[in-house]
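In what follows, a single structure is set out as structure tokens and then discussed.
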Amino acid sequence: MKNYSAKDLKNIVLLGAPGTGKTTLAEAMAFEGKVIDRRGSIEAGNTLSDNTDLEHEYKRSIFSTTLFTEFMNRKLNIIDCPGSDDFCGSLFSAFKVADVGVFLYSAINGWEVGSEIQARYARLWKKPVIGVISQLDAEKASFENAFESIRANAGLKPVLVQYPVNQGPGFNAFIDVLLMKMYRFKDNDGTREELEIPAEELEKAKELNRELVEVAAENDEGLMELYFDKGTLTQDDIRQGLKFGISKREVMPILCVSGKCDVGTKRLMEFIINVAPGPIKAPNFLTTEGEEIAPQEDQPAVVFVYKSQLEQHIGEITYFRVIRGRVTEGAELTNSRTGNKEKISQLFAVAGKNRIKVTELLAGDIGCTVKLKGTRVNDTLVAGGQTLAIDPIVFPEPRYRAAIKVKDQADEEKLGKLLLDARYEDPTILVEYSKELKQTIVQGQGEHHLNILRTKIQNESKIEYEYVAPKIPYRETITKVAQADYRHKKQSGGAGQFGEVHMIIEPYYEGMPEPKNYKIPGKGDMVVNIKNKEEYDLPWGGKLQFYSAIVGGAIDARFMPAILKGIMEKMDQGPLTGSYARDIRVVIYDGKMHPVDSNEISFKLAARNAFKEAFRNAGPKIMEPIYNVEVLVPTEYMGAVMSDLQNRRAMILGMESDKGFDKLNATVPLAELYRYSTALSSLTSGAATYSMKFASYEQVPADVQDKLLKAYTDTDEE
């Protein structure tokens, strides 16, 4: 195939709610561009997209698919993305490298929750969009209702470019009000005839053409003046005005298609080529330093990796966009993250599972290569000694976490590697072994997301595992001052052990005054004379302040590190439930030692036990992780969602209404969020979504603390 310059390229992402026909449209586009000679179907499992066994089984997109088509001497790179929010990571990757979104809306359902979710992501990424009302051949298709729902919810100004003549079963004709022509299709393979607009449709078409002209003129002062002078605009002028409006994210042209019947596909591609921003007109990519990188072919190559994939018998496949310069077969590039050299042994244009060998890819183009050594998603490959890196994709925070329980313990190590491979392919999957919880924790975008991961691993490796509720990373702290002393004494022949430690502990908070006077129950007023202070930011959050106020050499300074170590060991396994302790000030003010029997282990054990006793007398509290949760829900389900959250000990922070959807903000304990995605889906028939982010640690209610204390068995062996 030929090499395409940036001016002849369009990079688009197909987005929309599940079931809006993205994959079917991508197939029709590839067919019209002669990349394939016959169209596959989702039912038959032979489309360019949805080409994995899992997608064949579920009859829906699970992974994004990159493909291309050639049309009007241009190349369209297409990324077909899943509609389900559980797999939104691939949409974020696609938004990074695509210049425009083609947003599909079902003529049956119009604007859906899935539309709202993906529209929010498009706003976040500031991506211009072209709207397409699809499935106009369906029994219950209503172009008018779909368009009105888009107008009410999109937040962009939708403007009709086309409308159907005979929607529903038998749909085969539409009127294009930009070209002022009617297109009628003779078969299901895109064979069309161009006709004059019938007399009965002419007035409607003229009115819609006037609206289109006005919208186009609004986006450019020069065009506005021209419109006032002449009362109309040429087709090229309209295209120019729409270009401005689309690029500024103020206008969304609406076209109509049936991918299944291949009606309107060619005209959509013509419109994309003539109107959508390409690599030259789209915003330049930014480096991590904020420098703009223009798609110049005569500059040293810069390549950005947006997707990685593992394929049996091939290994690693790396998908990338050429940001600048040109990449040739055999080129040596440097990974700016690792500093390692990577040889591009083979270059491919991508059409789903089909990879077409090419010798060169130019700035603005998308392709893939195989068998790179250590390059991952978000890496930048550069030529000519450059040191820049492209600003990375920021993926969404996880919303679902589960612990893993392997059926056969012998498979544990192998499963660990497979989970890391999954993370390599899908950066929204997070995997870690928690030393604190003694569990392997997997996080993703929802229960379905993790279930698909498990099915994939079981199908490919036959390793069986299940998900269980993860333990909660509680924290322990104190609420008042307490004093304790402990003498460790042991004599069993030979050298003995002796160490005595007296300490005061109190809650730590930012900006508190230095310690001087304490009122200790049973001890009266105590004055401490600080000799030394150490402050530690704890790995698990919070602080420890450690003071020495020893006078008269009661404890030798060489034993202070051992005392600190004993305290740290008990903070690592808190006295209440074995959770980490935090935000505590410790003052060592007295003690005793023996000239022969005192040693480090003695003082470590004395400090550990003194701390444990003081902690239990200092109003100890268990703290739990609290998350900020934002739920986007249709108004009719708000009551049920709010009631459910309140049953989960949520604190409702506020609500706001947004065009048929309500946004609810709350803080919710992590302990109450296990399987929340499933519960929310059940409550709202799959119509709601949510996001969550760690907020803070807060004290648990007294009844919850009592349950946790009863459930914990002290295993200290000192």
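Only a predicted model underlies this, so the values are computations on that prediction, with no experimental measurement involved.
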Item checked: Name of the residue among R399, E116, Q445, E630 meeting side-chain hydrogen bond (donor to acceptor under 3.5 Å, both in side chains) with T689 -> R399
If you compare all heavy atoms of [X] against all heavy atoms of [Y], which two are closest, and at what distance to 0.1 Å?
X	Y	answer
G278	D99	C-OD2, 3.6 Å
T369	S345	OG1-N, 4.4 Å
K414	S461	NZ-O, 4.4 Å
G40	T47	C-CG2, 3.7 Å
P128	P277	CG-CG, 4.0 Å

Next item on the list: Over 60° means perpendicular and under 30° means parallel, so classify the ring planes of Y465 and Y467, tilted if in between.
Entry: perpendicular
Next item on the list: Take the angle between the ring planes of Y121 and F92 and call it parallel below 30°, perpendicular above 60°, tilted in between.
Entry: perpendicular
So, are [X] and [Y] salt-bridged, with charged N and O less than 4.0 Å apart?
X	Y	result
K357	E329	yes
K75	D365	yes
K343	E332	no
D8	R74	yes
R239	D236	yes
R39	E27	no
E425	K307	no
R355	E311	yes
E460	K456	yes

Taking the six-membered ring of [Y] as reference, does the NZ or CZ atom of [X] fall below 6.0 Å from its centre and within a 45° cone about the axis?
X	Y	answer
K2	Y4	yes
K96	F304	yes
K127	F95	no

Between [X] and [Y]: side-chain donor-acceptor atoms closer than 3.5 Å:
X	Y	answer
R324	Q386	yes
D391	T288	no
E316	Y424	yes
N46	H56	no
Y319	Q309	yes
D426	T428	yes
E432	T440	no

Report yes if some heavy atom in the side chain of [X] is under 4.5 Å from a heavy atom in the side chain of [Y]; otherwise report no.
X	Y	answer
I366	V350	no
L255	L268	yes
L156	V251	no

Next item on the list: List the steps and the verdict of side chain to side chain donor-acceptor pair (under 3.5 Å) for T52 and E55.
Entry: CA-CA 5 Å; T52 66; E55 288 168 315; 2.9 Å; yes
Check: Considering the options T455, D50, D53, which one meets the side chain to side chain contact (heavy atoms under 4.5 Å, CB included) requirement together with Y58?
Finding: T455
Check: Y676 and S681: side chain to side chain donor-acceptor pair (under 3.5 Å), yes or no, with the steps?
Finding: CA-CA 8 Å; Y676 180 60; S681 181; over 6 Å; no
Item checked: Worked check of side chain to side chain donor-acceptor pair (under 3.5 Å) between N335 and T375 -> CA-CA 7 Å; N335 185 316; T375 295; 3.2 Å; yes
Item checked: H448 and F87 aromatic centres sub-6.0 Å -> yes
